[in-house]
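To find a chain, count down the sequence lines: A is the first, B the second, and so on, and within it residues start at 1.
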There are 4 protein chains.
Amino acid sequence: MKAIEGDVKDSALAKEGQGLIDWAAREMPVLLLIRDRFRQEKPLAGLRVSACLHVTSETANLMLTLKAGGADIVLCASNPLSTNDAVAAALTVEHHIPTFAIKGEDNDTYYSHIASALEHRPNFTMDDGADLVTMLHRERTDLLGEVTGGTEETTTGVVRLRAMAAQGVLKYPIVAVNEALTKHMFDNRYGTGQSTLDGIIRATNVLLAGKVFVVAGYGWCGRGLASRARGMGSQVVVTEVDPLRALEAVMDGFQVMPMADAARVGDIFVTVTGDVNVLDRAHFESMKDGAILANSGHFNSEINLAAMDDLASSVRQVRGFVQEYRMGDGRRLHVVGEGRLVNLAAAEGHPAAVMDMSFANQAVSAEWMAINQSKLEPRVYDVPAELDAEVARLKLEAMHVAIDTLTDEQEKYIHSWEEGT
Amino acid sequence: MKAIEGDVKDSALAKEGQGLIDWAAREMPVLLLIRDRFRQEKPLAGLRVSACLHVTSETANLMLTLKAGGADIVLCASNPLSTNDAVAAALTVEHHIPTFAIKGEDNDTYYSHIASALEHRPNFTMDDGADLVTMLHRERTDLLGEVTGGTEETTTGVVRLRAMAAQGVLKYPIVAVNEALTKHMFDNRYGTGQSTLDGIIRATNVLLAGKVFVVAGYGWCGRGLASRARGMGSQVVVTEVDPLRALEAVMDGFQVMPMADAARVGDIFVTVTGDVNVLDRAHFESMKDGAILANSGHFNSEINLAAMDDLASSVRQVRGFVQEYRMGDGRRLHVVGEGRLVNLAAAEGHPAAVMDMSFANQAVSAEWMAINQSKLEPRVYDVPAELDAEVARLKLEAMHVAIDTLTDEQEKYIHSWEEGT
Amino acid sequence: MKAIEGDVKDSALAKEGQGLIDWAAREMPVLLLIRDRFRQEKPLAGLRVSACLHVTSETANLMLTLKAGGADIVLCASNPLSTNDAVAAALTVEHHIPTFAIKGEDNDTYYSHIASALEHRPNFTMDDGADLVTMLHRERTDLLGEVTGGTEETTTGVVRLRAMAAQGVLKYPIVAVNEALTKHMFDNRYGTGQSTLDGIIRATNVLLAGKVFVVAGYGWCGRGLASRARGMGSQVVVTEVDPLRALEAVMDGFQVMPMADAARVGDIFVTVTGDVNVLDRAHFESMKDGAILANSGHFNSEINLAAMDDLASSVRQVRGFVQEYRMGDGRRLHVVGEGRLVNLAAAEGHPAAVMDMSFANQAVSAEWMAINQSKLEPRVYDVPAELDAEVARLKLEAMHVAIDTLTDEQEKYIHSWEEGT
Amino acid sequence: MKAIEGDVKDSALAKEGQGLIDWAAREMPVLLLIRDRFRQEKPLAGLRVSACLHVTSETANLMLTLKAGGADIVLCASNPLSTNDAVAAALTVEHHIPTFAIKGEDNDTYYSHIASALEHRPNFTMDDGADLVTMLHRERTDLLGEVTGGTEETTTGVVRLRAMAAQGVLKYPIVAVNEALTKHMFDNRYGTGQSTLDGIIRATNVLLAGKVFVVAGYGWCGRGLASRARGMGSQVVVTEVDPLRALEAVMDGFQVMPMADAARVGDIFVTVTGDVNVLDRAHFESMKDGAILANSGHFNSEINLAAMDDLASSVRQVRGFVQEYRMGDGRRLHVVGEGRLVNLAAAEGHPAAVMDMSFANQAVSAEWMAINQSKLEPRVYDVPAELDAEVARLKLEAMHVAIDTLTDEQEKYIHSWEEGT
């Protein structure tokens with residue numbers, strides 16, 4: 001078999017890419033601890049992995065970890081736009097991990113890159129949206145016999161995989177990394193909280209102190225965001241449709257009101273609901289001159305930009321990521337990042353420290369599947385609780401935080417209690 | 001059948017009791033909203049209820065709500081010490097709800113009171129610890145045929161009931177009120193947070209600002225307590241045995257360390273772990289002179305008082321609920337409320353607003369069982385999610401907080417997403 | 001000269017009093033550090049002190065500190081109601097500090113006790129409201145020749161003394177302890193913040209989380225209170241008349257509005273303005289049923305109780321320190337502690353830790369005057385900045401908090417800068 | 001006299017500059033309210049103003065406000081690097097305000113530009129560092145006779161002016177805008193708090209939650225920064241040399257320790273002391289691998305970079321504004337923005353909302369001097385308290401925040417009290 005070479009934009013970028021990989025590593029201590037152990041124990045020895053992920057400096061650190069564990073990897077892009085060409089070059093040139101990814105590649109190239117990754121004849125797949133798994137099940141069923149497991153990073157991918165499993169189509173077990181608490185907690189609460197504010201500040205340079213900051217949705221993202229906005233001195237208003245979440249927001253000391261009322265008082269609006277048209281025509285009509293609107297939910301459906309366009313007498317770009325919509329009555333509404341995820345549109349997405357937890361779950365899940373492959377069925381698995389706890393434990397270790405362990409006496413006491421009397 | 005009369009300490013206390021019931025009502029708006037509806041709809045018409053609960057002003061409001069719904073009630077104490085004699089008098093005299101409860105009653109009287117409550121031949125039971133249910137299943141099986149359902153307030157009771165169900169002994173369905181989110185959230189996070197600080201301040205009158213406040217355990221109670229202690233200006237240290245919880249505490253900005261280290265730096269220590277000897281001999285030996293120790297977990301097992309006694313050269317009462325243990329080396333450690341639940345020992349337990357949520361769940365659960373009795377099996381049920389949401393909705397209404405509802409478009413969007421593509 | 005004996009209620013209470021003095025000492029480490037130094041250095045050797053102060057366990061610790069410094073003291077009450085008889089007994093019997101104070105003493109006794117304290121022929125006075133200084137200047141001018149200095153604790157007293165100084169009547173120098181930052185910061189911000197909430201919770205047992213908590217006035221007390229109420233989960237609204245303070249409240253993330261608007265949305269109202277009728281008839285008319293009103297300003301003038309009485313169809317006591325005013329339209333408004341300082345009316349006033357700072361300033365000011373008496377003029381002095389800093393330094397030492405000191409290089413740098421280039 | 005034309009880089013940038021001016025205006029509502037009034041009242045009619053300021057979009061808004069008030073203005077740069085060429089073009093071309101400023105101009109050009117601004121024969125000067133005032137007093141004494149007043153923006157400038165006044169050299173009155181509370185509060189507490197975090201996040205993209213964040217100095221900047229860092233989920237450690245400030249930090253719930261100890265535990269270090277070598281060789285030697293160091297004090301003297309260079313085995317740029325110093329033992333320390341003011345080095349400096357307050361004080365101070373010029377002496381004046389309050393009042397108005405006013409009764413009460421009894 002001829003050596004796979006990869007397909008990157010410019011090999012000369014490898015050194016720059018290595019710098020970026022090193023910087024990300026600095027904030028990914030959990031992955032580094034796992035890498036150290038993998039290097040000793042080689043739990044993935046000989047495993048052929050085809051990975052289809054965003055080709056970023058954080059992903060590169062995951063690749064290096066899998067390789068340290070003995071895996072034989074090729075990588076392709078899971079999105080035509082998210083590739084960092086320098087990182088792709090570094091992986092291919094410096095680390096001999098063939099990478100198929102060019103930022104801005106067209107659709108044909110994108111799919112040919114996935115096809116190239118499959119040429120690796122994987123025993124294991126890593127996916128971010130299930131494109132590679134789908135091609136494998138549709139076009140390369142010849143390879144399925146050698147595949148023993150895989151992981152999936154996103155909710156979207158998991159939805160597709162569950163549907164496949166329900167129809168009996170899925171041919172091997174896959175771990176849904178998304179469900180781990182150590183991923184959720186970092187991604188949604190702490191990651192989104194900080195990076196949403198970061199995106200808004202970079203885009204607008206507004207002072208948050210004293211502003212009325214409206215958070216639509218009090219799920220984990222909304223809770224994190226509301227807490228951080230208060231922490232920056234804003235007066236936070238929460239809107240919700242779920243009475244339990246609304247009540248929790250009230251008890252946490254926030255003002256809760258319908259969006260129709262919030263629209264009149266808000267200075268800054270951020271949607272994190274996962275639903276559609278949360279900010280809608282009627283709200284635009286009553287907002288204050290100068291209001292700032294952003295979305296931090298996954299899709300750019302939460303702000304009804306069509307209605308905004310319809311209401312506006314003119315639209316212009318006033319700063320890098322800010323569109324000014326001038327209403328017929330002269331009021332100006334400012335939309336950040338065209339209503340797309342503001343932390344990606346106007347900042348750098350989640351910090352590496354967040355991806356550290358996500359990718360640590362990827363690494364230990366791959367190991368767990370390698371060990372347990374004979375016992376697993378072709379369905380979607382959650383990350384086992386003990387792996388989640390292990391990732392937390394490693395994170396604490398990396399932060400030099402020690403904790404207690406139960407004494408025998410305590411272990412016995414709590415155990416007897418849980419068993420009833 | 002002869003009218004049941006009740007057994008209270010002094011009927012003359014009725015008027016005083018009514019004042020206490022009114023004051024509690026002020027903070028129980030959800031129960032009052034349910035009472036208003038019950039008065040119209042009479043969902044419990046004709047239902048004979050035997051309730052075995054702490055006879056407090058809050059419980060009285062639950063009784064009045066059930067009665068407004070058409071129920072025919074008798075009440076007895078679920079604990080010999082928790083009865084408020086004035087409230088018992090008011091229920092019996094003013095509201096003709098026969099009550100069997102005298103504060104400080106002996107064991108024989110306690111059980112004879114439960115037996116008297118069973119003489120009511122209930123169709124429905126309300127329990128707080130399962131003593132009434134136990135007597136019913138052991139001594140009055142003749143009555144079981146008429147019982148169609150019941151509720152249980154506590155974790156302890158639920159453990160007993162689940163054991164009975166597992167052995168096939170339980171003869172009718174029971175709702176475990178304890179598991180509702182609207183109960184948990186209020187009890188553990190907000191109730192315990194405030195009332196623990198209240199107990200410590202009433203007992204010691206110390207200034208919390210600037211103190212190192214050690215919280216052992218970062219479950220819901222610990223999270224609430226840590227947040228409130230920080231809110232009062234303390235520097236909060238958290239100890240944990242679970243890495244996921246420990247990590248969450250770190251990410252919430254708290255210092256996390258083993259108790260062996262925390263013992264050396266803490267000014268105030270509060271245990272909320274549910275385990276035993278969380279503060280133990282080795283910790284006492286390294287604590288600073290003047291340290292204050294309290295427990296806010298359910299049992300008084302979290303502080304090892306036997307070890308403390310053993311170490312102490314003398315013990316004396318220095319304020320109402322504070323014992324000073326003088327160590328051999330001259331250091332003084334102060335234990336609040338003998339290590340029992342500090343909010344009950346040194347303050348007034350949970351505010352009525354907390355019991356409002358718990359008892360609202362009791363009331364709507366009773367109604368739900370009355371409606372659905374034909375469909376239910378003899379096992380332990382959780383509070384249905386829609387009842388939990390309804391209680392939250394009523395609480396928001398009582399607080400004059402309006403929220404959004406999904407538009408048809410949003411309903412459809414979110415629904416399509418949840419179903420997958 | 002015959003030994004002065006004191007006049008206390010019951011000498012048998014001495015032991016109980018000693019326990020209270022010890023408990024307070026636990027929270028007064030700064031005063032204890034000063035006491036240790038005074039015991040070595042005797043800076044007040046031979047100084048005859050007549051002190052007119054609230055006879056509490058904290059004051060007792062001040063007296064013991066002065067005595068350790070060599071002073072020869074007598075003490076009388078500065079208020080007929082604030083005396084703790086057990087403490088008075090302990091001071092007289094156990095510590096041979098003659099004390100003239102009986103709780104509830106009539107006016108004649110009160111003044112005769114001051115007169116008795118003056119019989120001590122003081123060289124130094126300590127006053128809390130200037131009653132002793134006034135009697136000295138009016139009735140015992142024969143003694144003035146021996147008096148070299150004094151201190152005054154309160155704002156009220158300082159106002160009187162400044163008036164005397166302006167008229168050329170004041171005959172010796174007096175330090176206004178009230179102005180020290182270490183007193184202010186503790187009293188107003190941290191002391192009032194905590195103890196006001198403590199008073200309200202003890203009186204009403206309401207849950208603060210989720211309540212709309214209105215703070216009238218954003219001076220130091222208001223800032224402390226708003227911060228603590230937010231820390232307990234309340235949604236805080238601030239009212240102000242000063243635009244600078246109002247703006248600061250907005251920038252700190254609070255909602256600011258006129259009281260006319262706040263009256264309609266508040267659940268709990270606390271006045272800390274120092275002004276009159278801050279809560280007035282028009283506000284009562286628009287408040288929600290069940291609103292709770294309290295005052296934490298010095299005088300009971302901030303809530304217009306006369307107007308409340310006028311509006312009410314009935315008034316009754318519903319809990320220990322809570323009056324329910326039933327309005328003509330059926331709404332119930334609840335006033336805590338009759339509108340007097342709620343932390344004194346319904347709780348225990350400031351924690352000992354707060355008085356520690358105040359009395360530490362008393363002690364070091366007395367020493368400073370003893371040393372500098374020859375240089376001082378008969379006027380009101382502020383506490384010198386270096387004493388203020390010294391009290392802060394001792395407090396840090398007592399809390400085991402170490403800080404940095406400037407290096408020579410830094411000292412030189414900052415000095416050159418302040419001098420200009 | 002020939003029309004002054006200005007000297008800008010490229011007139012074609014005028015339109016882009018106007019966009020930037022408009023965006024800044026959005027966050028400068030106070031200045032806009034003053035501009036509206038000035039347009040009506042023309043308080044500066046005919047006043048010739050020579051301004052020497054940073055030529056930014058915010059400054060442009062101040063210029064437009066002065067012009068609306070009737071002033072005849074020329075502007076030159078107060079720093080060769082801070083000019084925005086597009087803004088300079090817009091002012092000159094669109095608004096006919098001659099501007100002498102080219103980004104990156106050499107020293108000769110810089111001074112010739114100031115000289116050009118003086119050719120305007122000003123009646124009034126606006127300075128930021130006192131360079132224009134200095135040239136006026138040294139080289140153009142011929143013009144001094146027509147100058148009636150001026151303002152100075154910075155502390156540095158004020159120090160120079162006070163020195164001139166002390167030596168009797170200053171020839172006309174100047175208002176020190178720096179001292180206004182509405183400037184301080186926004187600049188130091190809220191501005192520095194947010195923009196310092198902004199600079200660090202932009203430069204490093206680190207997650208702040210869970211990090212140990214060390215703040216050196218607890219002045220107004222330090223207080224703001226500590227509060228914001230806590231608000232983002234960091235565990236904040238404060239270092240201080242002043243016991244009063246250190247004590248305040250402790251009472252605000254922060255950990256306080258010497259830098260020697262903080263160096264060992266910190267993840268991120270920010271200096272805001274105004275002193276030199278606050279982070280020094282001994283600290284670098286004990287810091288953790290990966291520590292991040294930034295300065296937010298005025299001068300780049302707070303981190304001893306010479307010692308860092310000396311210790312490092314290699315230095316390299318690892319992200320846009322981040323230098324990695326590799327220590328001999330392999331630890332990596334990361335310095336943001338070469339130790340210069342991190343909010344300017346790595347972000348956009350203070351938000352326009354902050355400059356709004358500063359420049360509003362400039363505008364009303366200019367008006368006040370124009371009105372009162374006959375009464376003023378040649379010295380440095382503070383911004384009168386009533387102007388400060390007026391700026392606060394306008395800010396509240398712009399934020400749609402209404403506040404209370406004292407009733408006659410309250411006015412009288414508070415007045416009587418202040419006067420004593």
What's the shortest heavy-atom distance between [X] and [Y], and which atoms?
X         : Y         : value
Met28(D)  : Ala352(D) : CG-O, 3.8 Å
Val158(D) : Ala176(D) : CG2-CB, 3.5 Å
His350(D) : Ser195(D) : ND1-OG, 3.7 Å
Ser286(C) : Ala263(C) : OG-CB, 3.5 Å
Thr239(C) : Ala262(C) : CG2-CB, 4.0 Å
Leu396(D) : Pro243(C) : CD1-O, 3.6 Å

> What part of Val278(C) lies closer than 4.5 angstrom to a heavy atom of chain D: side chain, backbone, both or neither?
Replying inline: both
> For Ser301(C), is it the side chain, the backbone, both or neither that has a heavy atom under 4.5 Å from a heavy atom of chain D?
Replying inline: side chain
Given a strict heavy-atom distance threshold of 4.5 Å, which part of [X] is in contact with chain C: side chain, backbone, both, or neither?
X         : answer
Asp252(D) : both
Arg245(D) : neither
Val250(D) : side chain
Glu390(D) : neither
Glu240(D) : backbone
Met185(D) : side chain

> Is the backbone of Gly297(D) close enough, under 3.5 Å, to the side chain of Asn295(D) for a donor and an acceptor to pair up by distance?
Replying inline: yes
> Counting N and O atoms only, with roles assigned by atom type, does the side chain of Asp280(D) sit under 3.5 Å from a partner on the main chain of Ala282(D), one being a donor and the other an acceptor?
Replying inline: no
> When you look at Asn277(D) and Glu409(C), which way does the side-chain hydrogen bond (donor to acceptor under 3.5 Å, both in side chains) test go after all the steps?
Replying inline: CA-CA 9 Å; Asn277(D) 297 343; Glu409(C) 179 188 46; 2.9 Å; yes
> Considering the options Val30(C), Thr182(C), Val391(C), which one meets the side chain to side chain contact (heavy atoms under 4.5 Å, CB included) requirement together with Asp356(C)?
Replying inline: Val30(C)
> Quick one: of Met251(C), Met257(C), Arg162(C), Arg189(C), who has the most non-hydrogen atom pairs under 4.5 Å with chain D?
Replying inline: Met251(C)
> What residue, out of Pro258(C), Ala260(C), Ala389(C), Ala392(C), has the most heavy-atom pairs lying under 4.5 Å from chain D?
Replying inline: Pro258(C)
>> Only heavy atoms, only distances under 4.5 angstrom. Which residues in residues 214-231 of chain D are near chain C?
In response: Arg228(D)
> For chain C, which residues from residues 397-405 of chain D lie under 4.5 Å away (heavy-atom distances)?
Replying inline: Met399(D), Val401(D), Ala402(D), Ile403(D), Asp404(D), Thr405(D)
> After noting the C-alpha distance and the side-chain angles of Gln235(C) and Gln255(C), does the key distance pass the side-chain contact (heavy atoms from CB on, under 4.5 Å) rule?
Replying inline: CA-CA 9 Å; Gln235(C) 178 196 328; Gln255(C) 249 190 304; 3.3 Å; yes
> Quick one: NE2 on His184(D) to OH on Tyr190(D), what's the gap to the nearest 0.5 Å?
Replying inline: 13.5 Å
>> Assess the residue pair Glu152(D) and Thr154(D) against the criterion (side-chain hydrogen bond (donor to acceptor under 3.5 Å, both in side chains)); give the C-alpha distance rounded to whole Å, side-chain angles, the decisive distance to 0.1 Å, and a yes or no.
In response: CA-CA 6 Å; Glu152(D) 166 58 45; Thr154(D) 65; 2.8 Å; yes
> Testing Asp388(C), Asn178(C), Asn361(C) for side-chain hydrogen bond (donor to acceptor under 3.5 Å, both in side chains) with Lys183(C), which one passes?
Replying inline: Asn178(C)
> Between Arg393(D), Lys395(D), Glu248(D), which shows the greatest number of heavy-atom pairs under 4.5 Å with chain C?
Replying inline: Glu248(D)
> Quick one: do Asp131(C) and Arg160(C) make a salt bridge, cutoff under 4.0 Å?
Replying inline: yes
